[in-house]
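Here the structure is laid out as structure tokens; the discussion comes afterwards.
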Amino acid sequence: MKQNLNRRDFLKLAGLAPLGLIAPPLVKKLSEYNPLQGERKNALVILFDSFSASDINLYGYERETTPNLSRLAKRAVVYHNHYAGGNYTTPGTASLLTMAHPWSHRAFRFGARVTDEYANKSVFHAFDDYHRVGYTHNPLANTLLMQFQMDMDQYVPMEKLFISDDGLIRELFSKDEDIATVSWTREIKRSEYGYSYSLLLSHLYEKYKDLQLASYKSAYPNGLPNTNGGNYYVLEEGIDWLRDQIAEFPQPFFAYIHYHPPHFPYKPRIEFNDTFTRDSYKPPAKPDDLFTEDNSYDTLANARARYDEFILNVDSEFGRLFDTLESSGMLENTWVALTSDHGEMQERGISGHVTPTLYQPIVRVPLMIFEPGKATGSEVHEPTSAVDLMTTLLYLTGHEIPEWSEGNILPPYADGAPKRSNLVYTVQARRNNVELPLTEATISQVVDNFKLIYYIGYPELEGLGEKIQLFDIQSDPEEMNDLSVAKRETASELLDLLKIKLNEVNRPYQSG
Ligand SMILES: [Zn+2]
């Protein structure tokens, strides 16, 4: 491609224009697009972590994992091709909350925060005239919420909904929280790292914790859900807490509630155990990937059955929450969105979501939007992005769309609004230095029915330096057939587009 061609000229030459790959010209900036007037409704975002669209019955999965979502879909806008911003909690959540891609907010390393520049570019900042609430079970997401805390009216500490951790001690010593928490940390918590100051107290605590956990044993015979093997929680209590609190939130409110299930470890309540482990469903066999973790087909199939049972539990609790909100009248003036930060995969020898690959089970997540007081729904099949959700909620509640948002207003609400891009990206760059250009990364780029996956800089590529895959996700949703050779021209056109983008986002980090 010649340097003096601009992008539109290039695309015309490349023959991509008829495919509809070019965004319509930006008549005016989205940030100047007039917000709706007089629509100060509440906005509630419910996120279930690691919730893959690939395992959701409503999205075509064979197992009946989501009877409640299917029931509620009739009154929601259901997005069938919605993509996470990243492949695990840190980049995925940061993209949701900042409305920017990981290459902009830079929270792509494990446990990272967004850059200082983005610390006040969150959705909480943009909802500045609302009562803003944030909660998460997930420590990685909590790191981000703490960073955005200055723009929240009600930051709820993560431990609030843990069964046994520091939150317990806050309850026990509610009149003396500071001292209790400090001494607790000094005396007990550090014992996890090998040094406790008080043997007596730590023994008492262990007993107390065991007793507490034992009371859940009958409902959770396979163990309690937890984060990091220590922070035990049950989703039902998290749902009950929200049900009780939400009536107390000053209105209008914006609330972001990020629950941990169906994240690993998959620990559903007793009534969901063994629903799928012995059914007749056989996940499609797929070849091992370059980044395989060497898990066998049976290991992965079993993990997937457990994961699906945890989804059934999530679906049941979401249904319960929704019904409660409805009977309380809250849905009459509240936008409700259900989504996830990224997906989960059990195939190609890979289990989980921390992998350089960006197959559909990892990047495609649910999105359902419930409009206040509306009983009918619709379906959206065009590809949409995590960066679009908060952008849209701001627009729908009469807020200006911040200039830093990289998202579009989602259909069916866009109503002629200019579109920033037709290209939907997911970025994985877990080992890349945040202060340097992306040189070890995977980027998935979806447009229409095509998905290009671009890998650069991994040692596994063995001197090739880069690799691409191209899938027609409409006719081949399981990504069995890599078209990068058979459709070489399309692949190289899409790769050129991606490289233009990559050069643009890398430029600020290039030295000299
Ligand atoms: Zn996550």
Side-chain angles (χ1 to χ4, degrees), residues 38-49 72 93 96-97 122-138 141-142 144-146 148-163 165-178 180-181 231 233-261 314 316-339 368-374 389-390 393-394 396-399:
E39 290 288 328
R40 291 169 55 84
K41 303 273 202 291
N42 307 311
L44 169 66
V45 176
I46 302 291
L47 183 142
F48 292 105
D49 204 298
L72 298 172
T93 305
L96 257 176
L97 295 179
S122 76
V123 62
F124 300 104
H125 191 83
F127 267 104
D128 59 352
D129 58 338
Y130 269 39
H131 181 80
R132 297 150 299 175
V133 185
Y135 174 76
T136 180
H137 278 133
N138 184 321
N142 191 49
L144 295 164
L145 289 188
M146 284 174 73
F148 302 137
Q149 196 178 341
M150 60 195 168
D151 284 315
M152 286 183 215
D153 302 284
Q154 208 175 333
Y155 160 78
V156 183
M158 177 175 72
E159 297 83 4
K160 175 79 185 167
L161 296 178
F162 290 156
I163 290 167
D165 204 306
D166 296 359
L168 157 73
I169 228 62
R170 279 204 191 99
E171 302 274 309
L172 283 177
F173 300 101
S174 57
K175 291 209 172 95
D176 191 13
E177 192 182 304
D178 282 353
T181 319
N231 300 321
Y233 65 84
V234 295
L235 180 56
E236 298 87 294
E237 292 181 0
I239 298 289
D240 288 347
W241 168 82
L242 179 60
R243 178 201 61 196
D244 295 344
Q245 289 294 305
I246 200 163
E248 309 294 324
F249 294 162
Q251 299 195 27
F253 63 76
F254 166 76
Y256 174 78
I257 311 294
H258 181 145
Y259 294 111
H260 194 247
V314 163
S316 162
E317 286 302 305
F318 182 74
R320 190 167 70 86
L321 174 66
F322 192 92
D323 294 343
T324 316
L325 294 178
E326 174 154 61
S327 58
S328 73
M330 185 63 83
L331 295 183
E332 289 301 311
N333 64 339
T334 305
W335 289 90
V336 178
L338 165 76
T339 193
M368 296 168 78
I369 296 182
F370 298 89
E371 195 169 330
K374 197 163 177 201
L389 174 58
M390 302 302 186
L393 290 178
L394 283 165
L396 291 171
T397 50
H399 292 84

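Inter-residue side-chain proximity for L242 and Y259 is flagged as met; some heavy-atom pair is nearer than 4.5 Å. Residues H260 and N231 fail the side-chain proximity criterion, which asks for heavy atoms closer than 4.5 Å. The side-chain heavy atoms of W241 and I257, taken from C-beta on, include a pair separated by under 4.5 Å. By the 4.5 Å heavy-atom criterion applied to side chains, V156 and L145 are not counted as neighbours. Here the side chains of H258 and D49 are in contact, with some heavy-atom distance below 4.5 Å. In this structure the side chain of D153 never reaches within 4.5 angstrom of the side chain of V133, judged on heavy atoms. In this structure, the side chains of T334 and P372 stay at 4.5 Å or more apart for every pair of heavy atoms. For the pair V336 and M330, the minimum side-chain heavy-atom distance is 4.5 Å or more.
Taking all atoms of both residues into account, the shortest heavy-atom contact from F318 to L72 is CE2-CD1, 3.9 Å. The shortest non-hydrogen separation linking F48 to P261 is CB-O, 3.3 Å. A pairwise comparison of heavy atoms in Y130 and K41 identifies OH-O, 2.7 Å as the closest pair. Here the closest heavy-atom approach between residue L161 and residue Y233 is recorded as O-CB, 3.4 Å. P252 and R40 make their closest contact through CG-NH2, 3.4 Å (heavy atoms, listed as atom of the first residue, atom of the second, distance). Of all heavy-atom pairs spanning M158 and Y135, the tightest one is O-OH, 2.7 Å.
Relative ring orientation between F254 and F124 is described as perpendicular, the plane-to-plane angle rising above 60° on a 0-90° scale split at 30° and 60°.
Taken from CD1 in I246 to CD in Q251, the straight-line distance is 8.5 Å, to the nearest 0.5 Å. One distance of note links CG of L338 with CG of L44; it measures 10.0 Å at 0.5 Å rounding. In this structure, NE2 in H125 is found 11.5 Å from CZ in F148, a value given to the nearest 0.5 Å. Note that CD of E248 and CD of Q154 are 9.5 Å apart. Values are rounded to the nearest 0.5 Å. In this structure, I239 CD1 and E317 CD are separated by 5.5 Å, a value rounded to the nearest 0.5 Å. Considering CE of M390 and OG of S122, their distance stands at 9.5 Å, rounded to 0.5 Å.
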Report task. Could you go through the side-chain contact (heavy atoms from CB on, under 4.5 Å) check for R132 and Y155 one step at a time? Result -> CA-CA 8 Å; R132 297 150 299 175; Y155 160 78; over 6 Å; no
Query raised in the report: Can you check side-chain contact (heavy atoms from CB on, under 4.5 Å) on F322 and L331, steps first, answer last?
Result: CA-CA 9 Å; F322 192 92; L331 295 183; 3.5 Å; yes
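When each of I46, T93, V123 is paired with Y256, the side chain to side chain contact (heavy atoms under 4.5 Å, CB included) condition holds for T93 and for no other. Each of N138, L389, L96 was compared with L47 under the side chain to side chain contact (heavy atoms under 4.5 Å, CB included) criterion, and only L96 meets it.
A donor-acceptor contact shorter than 3.5 Å is absent between the side chain of N142 and the backbone of T136.
Under a 4.0 Å N-O distance rule, the pair D240/R243 qualifies as a salt bridge.
Counted by atom type alone, D129 and H399 present one or more donor-acceptor pairs between their side chains at under 3.5 Å.
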